[in-house]
Protein chains: 2
Amino acid sequence: MVAQRAGVSPSTVSRILNGTAKVSDDKQALVRQVIDELGFRPDPTARSLAGGRTMSIGVLTQYIDSPFYGEALRGIEDVLHQAHYAPLFVSGHWNQEEERARLGLLQDRKVDGIIVLTGQLSDETLGEMARQLPIVVTGRQLSAPNLYSIDFDNLEGAGLAVRHLHALGHRNVAFISGPLDHPDAEQRLAGYRAELERRDMPVNDALVVYSDFQESGGFRAMTQLLDSRINFSAVIAANDQMAYGARLALHRAGLRVPDDISLVGFDDLPHSAFTLPPLTTVRQSVYEIGSSAAQAMLDLLSHKTPPAKLIAAEIIVRESTRICRR
Amino acid sequence: MVAQRAGVSPSTVSRILNGTAKVSDDKQALVRQVIDELGFRPDPTARSLAGGRTMSIGVLTQYIDSPFYGEALRGIEDVLHQAHYAPLFVSGHWNQEEERARLGLLQDRKVDGIIVLTGQLSDETLGEMARQLPIVVTGRQLSAPNLYSIDFDNLEGAGLAVRHLHALGHRNVAFISGPLDHPDAEQRLAGYRAELERRDMPVNDALVVYSDFQESGGFRAMTQLLDSRINFSAVIAANDQMAYGARLALHRAGLRVPDDISLVGFDDLPHSAFTLPPLTTVRQSVYEIGSSAAQAMLDLLSHKTPPAKLIAAEIIVRESTRICRR
DNA sequence: TTGTATGCGTTATCAT
DNA sequence: ATGATAACGCATACAA
């Protein structure tokens, strides 16, 4: 510790930096002066070894370049940074083994807590981990000590889409689902079905087709729907990316949106306001789920109980939907 | 070191783990066995303090959710992970001060090297930092000891776009540029101008309009171009996002793409194959710039000289361009 | 080839 | 209120 050039002991300096105990004002001032004369910066590495806290939070995402979760990462980063924590991002690639491995890496690096964005780990695994360090997880609804979960209101979101279409007079509404091992996909599909029943609209398994949340998958799904010759006047895609693909497939088939078919997406990606036609879609604040998750982590870290929270959905009506004319 | 339950000294274990020196095969085997009996994992935190290496590489990006740089992050992550390094991502938000601050954070955390994705720092600043630790930077062309730069061939990329349009008979080609303090923007514009001159096409400042690399900015830029009543049959946008916005503005103005106006973008974002019409665009492998940057960092770390590299561009011809019929 | 001793920069536990 | 000292978990220089 170069700062004992101030003529005091290392511990005194440490106390000043951390506010651990009272230090007389004169020494306080002296040390602070020496500190910025020398441009001294405490070494987080050593701090971790000694103090046990690394001031970093592990964040398990699936793909670091996911257009969907990207905003959540930003929310996490913003909130954490204010609290002088640094996020450590790792990717699980929707693969259980990889998720496990990366989580191990995070534990090795002694992160102070872990935020898990969805993923495929079992609730038990998460519960066990929570005994080691605080966990915040999205896309689930479970609670355990030291574990906090926060989720989108996917059910409501999908319901909103159906309601909008229903109000426009649509009755036969198809659904392009994501992969069912993906919690968001499963919930969105459930929300669609529930709302259909609530409104006495036809619930028909043939109206549901499964895909992969990608543009190309949406294209294939739409093609499949068209080929099946089933009757529908509107389609809901479980995310915007698939909606883009579906929209192109419709175009290739000579069908116009929204004149022939109404289309609604899910997520409201930045691009969606600029597609042709601009896409009607369900928006959930992905940024907010990130920032709330980070805030919850901060709460957990200071032994406060974070408030329960469900991120609201809203429907953004643009030009890809219109009154059903059949 | 619990592993001295194997009856050997801590140093021996350390040697085995790091391959620092020869160890007899029998002890080798014994220790390894004890290691995974105990499920022992070396603590990176302590390793850093003692060894001086943190096995982590700082990555300065601008926005963690940038649709453009996202793939680069993935490339970095993939390569680094194989070499047992972990990336530490921080965002500069296109703001010099923030970039500086975040870089400071990285240095504090004792990263072994830093990868800078573009940004606004001066070459000098970077050069100085390179005296402290290895730096890899994209979007510049500078060389200094311990500093490696890698870049897209933006000039060639823009040239490719012009050449494609020229071959289709277009002569009056407008250009929607990004902000000029952005290196990529500046180079792409220069490439456009150079190719125009090379082919004796009209170089007219009124054909160039400046924007912000966002969809909304592309919309405004296109509107501005249309309002100016200048004559052009094709437009190049300096990135795909602005092309999307421009495309919508064209539609609002009752102009068809490609029938009335040809449009080419830049970046080939995943969405671009699914827009209406699918977008002709210049592709550069962003993933590759990430992976190459990471590889270069690894080379620097092992005191090898990374090969000079310029990431090639190619034009992806889809349906937003066609023969000029004026 | 292997063991011993020392140090990395800080926090924490004692004393004082 | 402050200082001395141990400890964090490993790497490394040196000795054997």
Side-chain angles (χ1 to χ4, degrees), chain A residues 1-36 38-56 84-86 104-112 132-133 301, chain B residues 1-36 38-56 84-86 104-112 132-133 301:
Chain A
M1 272 235 261
V2 254
Q4 52 190 107
R5 152 169 167 179
V8 303
S9 80
S11 8
T12 305
V13 177
S14 174
R15 289 193 245 272
I16 296 184
L17 257 39
N18 301 294
T20 319
K22 292 285 108 194
V23 173
S24 68
D25 289 358
D26 45 340
K27 304 218 175 211
Q28 183 103 353
L30 173 62
V31 171
R32 289 205 182 285
Q33 184 186 335
V34 175
I35 280 182
D36 53 46
L38 270 53
F40 168 81
R41 324 262 293 197
D43 178 347
T45 308
R47 265 167 127 102
S48 319
L49 225 211
R53 302 191 326 166
T54 56
M55 294 305 280
S56 61
H84 305 289
Y85 276 86
L105 188 153
L106 291 179
Q107 304 228 45
D108 286 348
R109 297 225 166 209
K110 301 276 187 295
V111 294
D112 297 334
Q132 320 270 347
L133 75 181
L301 252 17
Chain B
M1 273 234 259
V2 252
Q4 54 189 105
R5 154 167 166 177
V8 302
S9 80
S11 19
T12 305
V13 177
S14 174
R15 289 192 245 276
I16 295 183
L17 257 40
N18 301 296
T20 318
K22 291 286 108 194
V23 174
S24 68
D25 290 359
D26 45 338
K27 304 217 176 215
Q28 184 103 355
L30 173 62
V31 170
R32 290 204 182 284
Q33 184 187 335
V34 175
I35 282 182
D36 51 48
L38 270 54
F40 170 79
R41 326 259 295 191
D43 178 346
T45 308
R47 264 167 128 104
S48 319
L49 226 209
R53 304 190 324 166
T54 56
M55 293 306 280
S56 61
H84 304 290
Y85 275 87
L105 189 153
L106 292 179
Q107 305 228 46
D108 286 349
R109 295 225 166 209
K110 299 274 184 299
V111 294
D112 297 334
Q132 319 270 349
L133 75 180
L301 252 17

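Two residues, D26(B) and K110(B), neighbour DNA chain C, and the one matched to the more 5' nucleotide by heavy-atom proximity is D26(B).
A search for side-chain contact (heavy atoms from CB on, under 4.5 Å) contacts involving A50(B) returns nothing, not counting sequence neighbours. Partners of D112(B) under the salt bridge (charged side-chain N to carboxylate O under 4.0 Å, His left out) rule, at least two apart in sequence or in another chain, do not exist in this structure. Every residue meeting the side-chain hydrogen bond (donor to acceptor under 3.5 Å, both in side chains) condition with T12(A), not counting sequence neighbours, appears here in chain and number order: S9(A). Judged as a salt bridge (charged side-chain N to carboxylate O under 4.0 Å, His left out), and not counting sequence neighbours, R53(B) has no contacts. The side-chain contact (heavy atoms from CB on, under 4.5 Å) search around L106(B) returns L88(B), V90(B), L103(B), V111(B), I114(B), not counting sequence neighbours. For A46(A), the side-chain contact (heavy atoms from CB on, under 4.5 Å) partners are D43(A), L49(B), not counting sequence neighbours.
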So which protein nitrogen or oxygen atoms get under 3.5 Å of nucleotides 6-8 of chain C's nitrogens or oxygens?
| unit_1 | atom_1 | unit_2 | atom_2 | d |
| --- | --- | --- | --- | --- |
| dC8(C) | O2 | L49(B) | O | 3.3 |
| dC8(C) | O2 | A50(B) | N | 3.2 |

Please produce a list of atom pairs where a protein N or O lies less than 3.5 Å from an N or O of nucleotides 3-5 of chain D.
| unit_1 | atom_1 | unit_2 | atom_2 | d |
| --- | --- | --- | --- | --- |
| dG3(D) | OP1 | K27(A) | NZ | 3.4 |
| dG3(D) | OP2 | S9(A) | N | 3.3 |
| dG3(D) | OP2 | S9(A) | OG | 3.4 |
| dG3(D) | OP2 | T12(A) | OG1 | 2.5 |
| dG3(D) | N7 | R15(A) | NH2 | 2.6 |
| dG3(D) | O6 | R15(A) | NH2 | 3.2 |
| dA4(D) | N6 | S11(A) | OG | 3.1 |

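Closest approach to the R47(B) side chain among dA1(D), dA11(D), dT2(C) is made by dA11(D) (side chain taken as heavy atoms from C-beta onward).
Comparing the start and finish of the helix from dT1(C)-dA16(D) to dT16(C)-dA1(D), five pairs each, the helix axis swings through 40°, to the nearest 10 degrees.
Per the geometry, CG belonging to N18(A) stands 17 Å off P belonging to dG9(C), to the nearest Å.
Counting any heavy atom pair closer than 4.0 Å across all strands shown, R53(B) reaches no nucleic acid atom.
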Only pairs under 3.5 Å count here: list side-chain donor-acceptor contacts from residues 17-35 of chain A, not counting sequence neighbours, and write none if there are none.
| unit_1 | atom_1 | unit_2 | atom_2 | d |
| --- | --- | --- | --- | --- |
| N18(A) | OD1 | R47(A) | NH2 | 3.3 |
| N18(A) | ND2 | S14(A) | O | 2.8 |
| N18(A) | ND2 | S14(A) | OG | 3.3 |
| S24(A) | OG | D26(A) | OD1 | 2.6 |
| Q33(A) | NE2 | E37(A) | OE2 | 3.2 |

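Taking only side-chain nitrogens and oxygens, T45(B) never comes nearer than 4.0 Å to OP1 or OP2 of dC10(D).
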